[in-house]
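Notes for the one structure printed next.
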Amino acid sequence: MSKKQHSIDEQAFARLIEVNKQRIVRICRIYAYSLPDQEDLFQDICFQIWRAMPNFKGHAHLNTWLYRIALNVGMRYQQKNKKQREITHNEGILQWEHSPVPNAATQLEQQEQKERLYAAIRNLKETERAVIMLHLEELSYEEIAEITGLTKTNVGVKINRIKKRLLQLLTPKSTSYER
Amino acid sequence: MNDKDLQDLWNSPSPNDPFIIQQEKLIQQMKTRMKKFDKDIKRRNIREYTTAVIVFIAFTFFGVIAFYQNNYLLTLACTIISLGCVFIVYKLFTAQVHISAKAVYTMSNKDYLYYELEKVNEQIKLLKSVFWWYLLPILIGCILFFVASTFTTKALCMHIIFALIITYAIYYANQRTLETDLVPLKKDLEEQLANLE
């Protein structure tokens, strides 16, 4: 195992994480609630990517491969958390910075809305979360089917159903939803 | 709010998004974790197999000595314990789900959940039958060992009671793990899979 480790292209790994960090962080926000937990999960995902990298043959699309790892690790993380395992937080590798905001009021409102969206997604069933997250990440039905193992038709049906529920959770007073 | 609004909201940057990943630290941490991961697995395997090998060698040795001293009951006790150890290792080894651990997370969510469910089912099967494949052979071996050794009746009773208490404690702990951890986990995984059907 340690011999294979030498064949990891560290630069490629660093680039992959850098390019996809926001995607990974969004997934972390759904499966872990506090910042230290999110950072732990982020590191777990990075670690599994690191382990799986030497075996990546390019048969799957890089995005599909990455989302599969991130979601599977996220689901496992949540299962472990259900058992209320004591988590020891690793040393931080992320710098969580607060960016200067040009229009603070708008930003704050958008952030609040985003937090509501996260909360609404967290209220969904675990597998529904994965499907809707991938849809929000703007992946095609085909890609979502490949990642989750559902059929393409099933993905479409599920997304429509989940979106309705999500919107109800997000805006309880809303009565209509435009596609 | 429509589909695009939701996607835009989801993909919009948050003020507390991480802007900097300390790359050197990240790579260093991956290397350290990988080393620790390898070491932990090696250590666990060595611990499990070494214990079995030591017990096997020790009781085979006692058994051979007992055989040459014509103490056949003790020989039988040692043989049962030695074979019990081999059987436990065999049982644990065959119960492992043989999929490369590296490939697990690259499966589709559905396959991953099936893999996890298979693992949990295997564990449940093992724990449900723990008395028959783990505790009983060793308990029988131990009782015969105590009977064959030169104990007084009182000491023999004490030893047998002690062995029974230990056996029950191990059995109870295993059944508790089954009820509190594995059965709910199985139910959870089955629910998740049902949602993916």
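In what follows, chains carry the letters A, B, and so on, assigned in the order in which the sequence lines appear, proteins first and then strands, with residues in each chain numbered from 1. Excluded from the calculations below are hydrogen atoms, water molecules and symmetry mates; all remaining heavy atoms, backbone and side chain alike, are included.
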Would you mind checking which part of [X] comes under 4.5 Å of any heavy atom in chain B, side chain (CB onward), backbone (N, CA, C, O), both or neither?
X        : answer
A:Ala14  : both
A:Met75  : side chain
A:Ile30  : side chain
A:Ile121 : side chain
A:Leu117 : side chain

Just give me the residue among A:Arg23, A:Glu128, A:Arg76 that pairs up with chain B most often, heavy atom to heavy atom, under 4.5 Å.
-> A:Arg76

Given A:Ile69, A:Thr151, A:Thr148, the one with more heavy-atom pairs under 4.5 angstrom with chain B than any other is A:Thr148

Report the relative orientation of the aromatic rings in B:Phe146 and B:His159; use parallel for angles under 30°, tilted for 30 to 60°, perpendicular for over 60°.
-> tilted

Could you list the residues that satisfy ring-ring contact (aromatic ring centres under 6.0 Å, His included) with A:Phe47, not counting sequence neighbours?
->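 For A:Phe47, the residues satisfying ring-ring contact (aromatic ring centres under 6.0 Å, His included) (neighbours in sequence not counted) are B:Phe37.
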
Does B:Lys119 pair with B:Glu116 as a salt bridge, N-O distance under 4.0 Å?
-> yes

Count the heavy atoms of every other residue, nucleotide or ligand shown that sit under 6.0 Å from OH of B:Tyr90, and state whether that count exceeds 12.
->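 12 or below, so no.
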
Partner set under side chain to side chain donor-acceptor pair (under 3.5 Å) for B:Tyr168, not counting sequence neighbours = none

Between B:Tyr105 and A:Trp65, does the ring centroid distance fall short of 6.0 Å?
-> no

